Amino acid sequence: MPQAEPEVAAKPSGPELTDAERSAILFTGYDLDARINPATAHLAMRARMTLKNTGAVALNRIALQISSTLQWESVTLVSAAGNKRLEMSQHLLDTDADHTGKANEAVIALLEPLAPGQTLQLDTFYDGTIVASAGRLERLGATQAQAAGTDWDAIGGDATALRGFGDVLWYPVASRQLFLGDGAQLFDAIGALKLREAAATIRLRLAVEYKGDAPAAAYFCGRRQALKAISDDENAPIASGTGVATAEFVAEALGFRVPSLFLVALPETLIAPLPAFYGAAETAAKPVEKADAAAGVSSSNAPAGGASTGEVAQSMVAVETTDEGSVKALEASAVDVAPLLQEWMGARPLSALTVLDHSGQPFEDGPLLVGPVAVLGTANAKQGLVHSMTHAWVQTGQPWMDEGLAQFMALVWAEQQKGREVAIAQLDDLMQPVAIAEPAIDPSGAKEQNAPGGELVGQVVGQPLIAATSELYYRRKAAAVWWMLRGIVGDEALQAALQAWRMRAPGSETAEEQVLGFEKLLERSGKKNAANPVDLRWFFNDWVLHDRGLPDLSITDVTPRQLPAGQGHNVGYLVSVTVKNDGAAAVQVPVTIRSATFSTTSQLRVGGFASATARVIVEAPPAEVLVNDGGTPEVRTAFHKVTVNPAKAQ
């Protein structure tokens, strides 16, 4: 049934709010008390927040938004001098940050200006109802069915699922107006907010009113807590009994996510026991056993050992569903893809992949997946399942690693099942939007005289992977980066480095320090590199720490020269291949020389705005030269071929 919107003013009083005012506020702490009644879709919230002015000027007022179906009740300033009620007005604001297409914005008058860099604490109350809404998508012409499959956030008796900023504003935010019809601005804003608030602490005390069976558990920001049911009348029949189920999520860093909340009606079931694996034992500390504790159920096949000993380990998937017929298929798929993850990431996952059955568009938060179990278990969904299960193995907290590796492993699965050409084609599809988004770098004045390594200066291009806010970069381009690293160091070295790195205890290093640490580990990883480390500084500098755009290669010269026969060898040919890079990013690509009877490949590194020459000795007249095989993304094409004139090979 359509839901009535709160009676609020049409627009704020006083001067018009600017985007700068709305965007200046940074949330550094959330302390939430939520009471939910699924039967009535009602939410009552007390939200205490620590806010910081990151703008350039002092703020005399603050604008906070919640979903348009919620109503602000009060705002109080919390300070050492005592708590003081603040004046506010509220109005509806058009924005697609909420599924209704509108937000209820409170404009809060401050007692004194909040200077740049200063913080304050606010204690707010609001309430209302949250039901599924097709408002913003219908505004774009979507059908009811299309909207229902995409915007499924709601509080309800069947399911309570709240995904947060960009889907439903069930907690307060501070944002400029954002619209789906205006390019990728909404999705870019979601990524930017995730990065800005990654260090913010967040806490939730949750109370859920129920009738009949109490809900089993809640997932908040990917964390699980069992709900403790308190019955109003312990003697009442279960079917008609009422009560309140509670849980508390202690304060933790938010991480690269927006706050989300899901209620689980039934206990999850652990499925898909980890296959026995006889690979090399992992050398780092043993993984944290999260699978059984996360799901809150028992498992008889979860041994205590952490190294690879060949025994069956913990279950890989915890699933909550009433569709029992689809569970077996999901289990079979998980067991099928596990050996690939074990080979690349190590014998055992760090936690189970939790799957909450939901018919709408899938949602993912690390090793939590909300989606249709009936679809996830099909053969066509195995590649996507590899992506999701990678999050159970790798949880570094760095988006370019966690998301990039998940996408990379999906490509490796495609290569294993369908061949390298299919994987390369998928990589090309992934990178096409990135190639469009990446701006070109003007080579004039782009290199600083005497700078170490000729590093580019004064060039802010795209998004460096360590600070990326768009999935174009931290997922798509990052997948290409992992694919290229694999080509440079080889499978063995990359696998060993990943298996060691994922087991590291959390530290206080910056994102850049972590990147440099992984670089050093990878340089010495694998038997071949242990004694003679490979140099990867140039690669991480251009592809991870900075964004130099994409390379733009061309073959400018191929010169074959016949070598006379000598003692112990026949006539040979020295083939010189010169490759020019009109892009700013240095790159290492394969150079393949083919003749009628043989093919040989060597690696060539080409710097940004530079040329390099590969010289290869072959035993027969060369027929063609190929540079790049699609594994290195470029601005235009990732395949280059030149036919060699036989007459030149003299």
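For the single chain, residues carry numbers from 1 onward in sequence order. All values derive from a computational prediction rather than experimental measurement.
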_What I want to find out is whether Arg163 reaches Asp153 closely enough, with some N-O distance under 4.0 Å, to be called a salt bridge._
yes

_Under a plain distance cut-off of 3.5 Å, with no hydrogens placed, do Gln65 and Thr95 share a side-chain donor-acceptor pair?_
no

*Closest heavy-atom contact between Ala41 and Val131?*
CB-CG1, 3.7 Å

*For Leu350 and Met503, what are the C-alpha separation, side-chain angles and deciding distance, and is it a side-chain contact (heavy atoms from CB on, under 4.5 Å)?*
CA-CA 8 Å; Leu350 300 177; Met503 307 299 290; 4.0 Å; yes

*Examine the side chains of Thr100 and Asp98 and answer whether a donor and an acceptor come within less than 3.5 Å of each other.*
yes

*Are Gln463 and Ser470 close enough, and set up right, to give a side-chain hydrogen bond (donor to acceptor under 3.5 Å, both in side chains), and what steps lead you there?*
CA-CA 8 Å; Gln463 297 179 9; Ser470 170; 4.9 Å; no

*Can you measure from CH2 (Trp152) to NE2 (His358) and round to the nearest 0.5 angstrom?*
5.0 Å

*State whether the side chain of Ser67 and the backbone N or O of Leu70 hold a donor-acceptor pair below 3.5 Å, judged by distance alone.*
no

*Would you say Arg502 and Leu405 make side-chain contact, with heavy atoms under 4.5 Å?*
no

*Main-chain N/O of Glu403 paired to Gln407 side chain as donor or acceptor, under 3.5 Å*: no

_Nearest-0.5 Å distance that lies between atom CH2 in Trp413 and atom CE in Met389_ = 10.0 Å

_Side-chain touch Val373/Glu320, heavy atoms, less than 4.5 angstrom_ = no

*asked:* Looking at Ala217, is its backbone amide N or carbonyl O close enough to the side chain of Arg224 to form a donor-acceptor pair, meaning the two atoms are under 3.5 Å apart?
replied: no

_Can you tell me how far apart OH (Tyr126) and CG (Leu43) are? Round to the nearest 0.5 Å._
6.0 Å

*Would you say the side chain of Val515 lies within less than 4.5 Å of the side chain of Trp400, judging by non-hydrogen atoms?*
yes

*asked:* What's the separation between atom CG in Leu263 and atom CG in Leu162, rounded to the nearest 0.5 Å?
replied: 8.0 Å

*Gln398 versus Phe518: any side-chain heavy-atom pair under 4.5 Å?*
no

*Do side-chain atoms of Glu248 reach the backbone of Gln225 as a donor and acceptor pair under 3.5 angstrom?*
no

_For Leu270 against Ala318, the heavy-atom pair lying closest together_ = CD2-CB, 3.8 Å

*asked:* Students often mix this up, so state it plainly: with edges at 30° and 60°, are the rings of Phe408 and Trp482 parallel, tilted or perpendicular?
replied: tilted

*Can any side-chain N or O of Thr160 pair as donor or acceptor with the backbone N or O of Ile155 at less than 3.5 Å?*
no

*Do Ser326 and Thr321 come within less than 4.5 Å of each other through their side chains, counting heavy atoms only?*
no

*Keeping the roles fixed (side chain from Thr69, backbone from Ile130), state whether a donor-acceptor pair exists under 3.5 Å.*
no

*May I ask you to decide if Thr396's main-chain N or O and Asp402's side chain share a donor-acceptor pair within less than 3.5 Å?*
yes

*asked:* Assess, by modelled atom type and distance only, whether the side chains of Glu364 and Ser388 contain a donor and an acceptor separated by less than 3.5 Å.
replied: yes

*Atom pair OH (Tyr473) and CD1 (Ile466), whose distance is rounded to the nearest 0.5 Å*: 15.0 Å

*asked:* Check whether Arg223 reaches the backbone of Val250 with its side chain - one donor and one acceptor, N or O, closer than 3.5 Å.
replied: yes

_Can a side-chain donor-acceptor contact be found between Gln383 and Gln417 if the only test is distance below 3.5 angstrom?_
no

*Matching residue for Pro633 among Gln432, Lys477, Arg476, Met484 - test: side-chain contact (heavy atoms from CB on, under 4.5 Å)*: Met484

*Do any N or O atoms from the side chain of Ser333 and from the backbone of Gly377 form a donor-acceptor pair under 3.5 angstrom?*
yes

*Grab the two heavy atoms, one from His99 and one from Ser133, that are nearest each other, plus how far apart they are.*
O-OG, 3.6 Å

_If I take atom CG from residue Leu385 and atom CG from residue Leu330, how far apart are they, to the nearest 0.5 angstrom?_
6.0 Å

*Taking side chain as C-beta onward, heavy atoms only, is Met409 less than 4.5 Å from Val394?*
no

*Do Asp232 and Lys211 meet the salt-bridge criterion of a basic N to acidic O distance under 4.0 Å?*
no

*asked:* Taking CG in Asp233 as the centre, count heavy atoms belonging to other residues, nucleotides or ligands within less than 6.0 Å. Is the count above 12?
replied: yes

*Out of Phe262, Phe249, Tyr30, Tyr171, which one pairs with Phe220 under the ring-ring contact (aromatic ring centres under 6.0 Å, His included) rule?*
Phe249

*Which atom names give the shortest non-hydrogen contact between Ser525 and Ala496, and what distance separates them?*
OG-CB, 3.3 Å

*Can you list the steps and then say if Gln342 with Leu274 is a side-chain contact (heavy atoms from CB on, under 4.5 Å)?*
CA-CA 9 Å; Gln342 291 176 304; Leu274 192 69; 3.5 Å; yes

_Contact summary for Pro273 and Glu331, nearest pair of heavy atoms_ = CD-OE2, 3.6 Å

*Hey, which of Lys102, Arg139, Gln185, Arg136 is the one that makes side-chain hydrogen bond (donor to acceptor under 3.5 Å, both in side chains) with Asp96?*
Arg139

*asked:* Closer than 4.0 angstrom, basic N to acidic O: yes or no for Arg46 and Asp31?
replied: no

*Would you call Arg257 and Glu197 a side-chain contact if the rule is heavy atoms closer than 4.5 Å?*
no

*asked:* Quick check: closest heavy atoms across Asp188 and Thr469, and the distance to 0.1 Å?
replied: O-OG1, 4.2 Å

*Show your reasoning for whether side-chain contact (heavy atoms from CB on, under 4.5 Å) applies to Asp491 and Arg486.*
CA-CA 6 Å; Asp491 286 9; Arg486 177 194 186 193; 2.7 Å; yes

*Phe187 atom CZ: more than 12 heavy-atom contacts under 6.0 Å*: no

_Set out, in order, the CA-CA distance, both residues' side-chain angles and the distance that settles side-chain hydrogen bond (donor to acceptor under 3.5 Å, both in side chains) for Glu209 and His42, then state yes or no._
CA-CA 10 Å; Glu209 300 177 34; His42 188 264; over 6 Å; no

*Carefully, step by step, assess Leu137 and Leu180 under the rule side-chain contact (heavy atoms from CB on, under 4.5 Å).*
CA-CA 8 Å; Leu137 295 181; Leu180 284 169; 3.8 Å; yes

_Quick one, Ser260 and Trp170 - any side-chain contact, counting heavy atoms below 4.5 Å?_
no

